[in-house]
Amino acid sequence: MDTMRDRFIATTSRLLDEDPRLALVLAEISAAGFERTQRRHPARVINVGIREQLLIGAGGGIALTGMRPIMHTFASFLVERPFEQVKLDFGHQDTGGVLVSAGASYDWPAGGFTHMSPGDVALLDTLDGWTVHVPGHPDEAEALLRHAAAGDDRVYVRLSLQSNAEARPVTGDRFLTVREGRRGVVIAVGPMLDDVLAATEGLDVTVLYATTVRPFDRTALRAAVGVRADVVIVEPYLEGTSTTAMNDALADVPHRVLGLGVARRELRRYGTIDEHLAAQGLDPASLRARISAFL
């Protein structure tokens with residue numbers, strides 16, 4: 001199976017052929033994958049080099065002309081490093097564009113903490129009007145990317161090497177009900193679904209699957225809970241990122257919420273992705289213990 005990043009390259013190349021409104025801005029990352037596409041569309045595939053603030057600034061300028069920019073690099077260089085440009089060149093200017101990241105929270109541990117971005121979604125959450133997609137499979141990444149490219153709003157598509165075994169039908173807005181139960185609700189975000197399903201096997205809980213976390217699907221959560229609610233969310237980024245959204249959705253219902261994700265403490269032994277999952281308590285055995293203790 002290809003990776004989400006492979007699918008991004010293939011899908012974006014086709015989209016550039018199909019839609020003259022689209023432009024792609026790169027900062028070296030994935031540039032080799034777009035060499036043929038750049039030859040076909042030299043005016044609409046722009047590599048600014050290792051200049052991430054310019055990546056966003058160029059995308060913002062393109063958006064002001066009425067075109068639809070897609071900007072891509074590692075998450076830490078796409079959201080964190082040029083955050084001021086994201087805030088001003090898109091939010092303040094009220095323009096639209098698509099940010100597509102790679103690297104996620106710790107996809108390349110050997111790259112060190114400079115290439116890790118567990119706080120990207122929480123950081124974007126400080127801004128108004130951003131849609132955030134977190135696909136859990138390359139097929140979902142393609143569907144959500146096409147959905148984002150066709151719009152006019154501000155969208156962040158967060159890609160990862162972590163992937164679920166099978167794709168689910170995603171629409172770019174609602175949560176999917178994967179399993180139904182009575183003792184609580186567990187929301188699995190993107191590539192965490194398989195581990196959550198393994199962790200909750202045999203537990204009497206409802207499992208919701210979220211690939212679009214902003215806007216947060218209050219309707220699906222409200223439909224899944226009863227007169228009181230115990231809700232856990234498992235996110236592949238900073239723990240607690242969505243607990244405020246959950247509390248707001250359940251403001252008139254007696255409830256408890258638990259946010260599981262990447263802790264704020266920095267792990268200085270980089271290891272592998274699986275070792276990071278275990279160290280963060282996000283492997284199936286750890287998730288089962290933490291969810292069971294909460295419920």
Side-chain angles (χ1 to χ4, degrees), residues 104-105 118 121-122 132-137 139-140 144 158 160 162-263 273-274 276-295:
S105 294
V121 177
V132 179
H133 298 312
V134 189
H137 187 278
D139 290 356
E140 298 168 4
L144 293 170
R158 189 184 203 261
S160 176
Q162 293 177 255
S163 180
N164 301 314
E166 64 177 274
R168 308 274 173 167
V170 297
T171 61
D173 50 11
R174 60 187 178 86
F175 297 170
L176 300 179
T177 301
V178 179
R179 183 183 291 164
E180 293 187 336
R182 297 170 296 178
R183 285 194 56 217
V185 176
V186 182
I187 303 172
V189 176
M192 299 310 305
L193 178 62
D194 281 359
D195 285 347
V196 167
L197 289 175
T200 57
E201 183 66 35
L203 300 182
D204 189 15
V205 298
T206 292
V207 176
L208 301 180
Y209 180 43
T211 53
T212 299
V213 293
R214 298 293 183 277
F216 191 85
D217 188 356
R218 298 183 176 204
T219 301
L221 178 57
R222 291 299 298 262
V225 305
V227 295
R228 67 180 303 277
D230 293 330
V231 185
V232 181
I233 187 165
V234 183
E235 302 175 282
Y237 36 80
L238 192 65
E239 65 183 6
T241 296
S242 294
T243 54
T244 297
M246 294 161 63
N247 280 317
D248 289 347
L250 300 172
D252 60 342
V253 178
H255 67 276
R256 298 186 306 141
V257 301
L258 174 65
L260 301 180
V262 180
I273 292 177
D274 287 343
H276 272 260
L277 284 169
Q280 299 289 353
L282 297 176
D283 60 298
S286 299
L287 285 173
R288 187 177 185 88
R290 298 170 79 184
I291 292 169
S292 297
F294 176 73
L295 295 178

CA sep, side-chain torsions, deciding dist, call: Asp248, Arg218, side chain to side chain contact (heavy atoms under 4.5 Å, CB included): CA-CA 9 Å; Asp248 289 347; Arg218 298 183 176 204; 3.5 Å; yes
Shortest non-hydrogen contact between Leu203 and Ala199, atoms and distance: CD1-O, 3.9 Å
Check against side chain to side chain contact (heavy atoms under 4.5 Å, CB included), Asn247 and Val257: CA-CA 7 Å; Asn247 280 317; Val257 301; 3.7 Å; yes
Main-chain N/O of Thr219 paired with Arg174 side-chain donor or acceptor, under 3.5 Å: no
I'd like a table of donor-acceptor pairs (distance under 3.5 Å, sequence neighbours excluded) in which one partner is a side-chain atom from residues 231-238, with atom names and distances.
unit_1, atom_1, unit_2, atom_2, d
Glu235, OE1, Ser242, N, 3.3
Glu235, OE2, Tyr237, OH, 3.1
Glu235, OE2, Ser242, OG, 2.5

Minimal non-hydrogen separation, Asp230 against Arg228, with atom names: OD2-NH1, 3.4 Å
Rounded distance (nearest 0.5 Å) linking atom CG of Asp173 with atom OG1 of Thr211: 9.0 Å
Heavy-atom closest contact (Arg256 atom, Leu295 atom, distance): NH2-CA, 4.2 Å
Atom pair OG1/CG of Thr200 and Asp195 - distance to nearest 0.5 Å: 10.5 Å
Asp139 (side chain) donor-acceptor with Ala167 (main chain) under 3.5 angstrom: no
Test item: Tyr209 and Val196 side chains (from C-beta on) under 4.5 Å apart, heavy atoms: no
Considering all heavy atoms, the nearest Gly281-Leu287 contact: O-CD2, 3.6 Å
From Leu144 atom CG to Thr212 atom OG1, the distance as rounded to the nearest 0.5 Å: 5.0 Å
Spacing of Leu221 atom CG and Asp217 atom CG [to the nearest 0.5 Å]: 8.0 Å
Test log, rule side chain to side chain contact (heavy atoms under 4.5 Å, CB included), inputs Leu250 and Arg222: CA-CA 7 Å; Leu250 300 172; Arg222 291 299 298 262; 3.6 Å; yes
Polar side chain donor-acceptor pair, Ser105 to Arg158, under 3.5 angstrom: yes
Value rounded to 0.5 Å, distance of CG in Leu282 from CG in Leu260: 7.0 Å
Step-by-step side chain to side chain contact (heavy atoms under 4.5 Å, CB included) determination, Leu193 to His137: CA-CA 10 Å; Leu193 178 62; His137 187 278; over 6 Å; no
Distance (rounded to the nearest 0.5 Å) between Thr244 OG1 and Phe216 CZ: 10.5 Å
Positive for salt bridge (Lys or Arg N to Asp or Glu O under 4.0 Å) with Asp204, one of Arg183, Arg179, Arg182: Arg182
Flag, side chain of Gln162 to backbone of Met192, donor-acceptor distance under 3.5 Å: no
Atom of Pro118, atom of Val262 and distance for their closest heavy-atom approach: CB-CG1, 3.7 Å
Student check: side-chain heavy atoms of Met246 and Leu258 closer than 4.5 Å: no
Side chain proximity check, Pro284 to Leu197, heavy atoms < 4.5 angstrom: no
Asp194 (side chain) donor-acceptor with Asn164 (main chain) under 3.5 angstrom: no
Nearest heavy-atom neighbours spanning Glu140 and Arg168: OE2-N, 2.8 Å
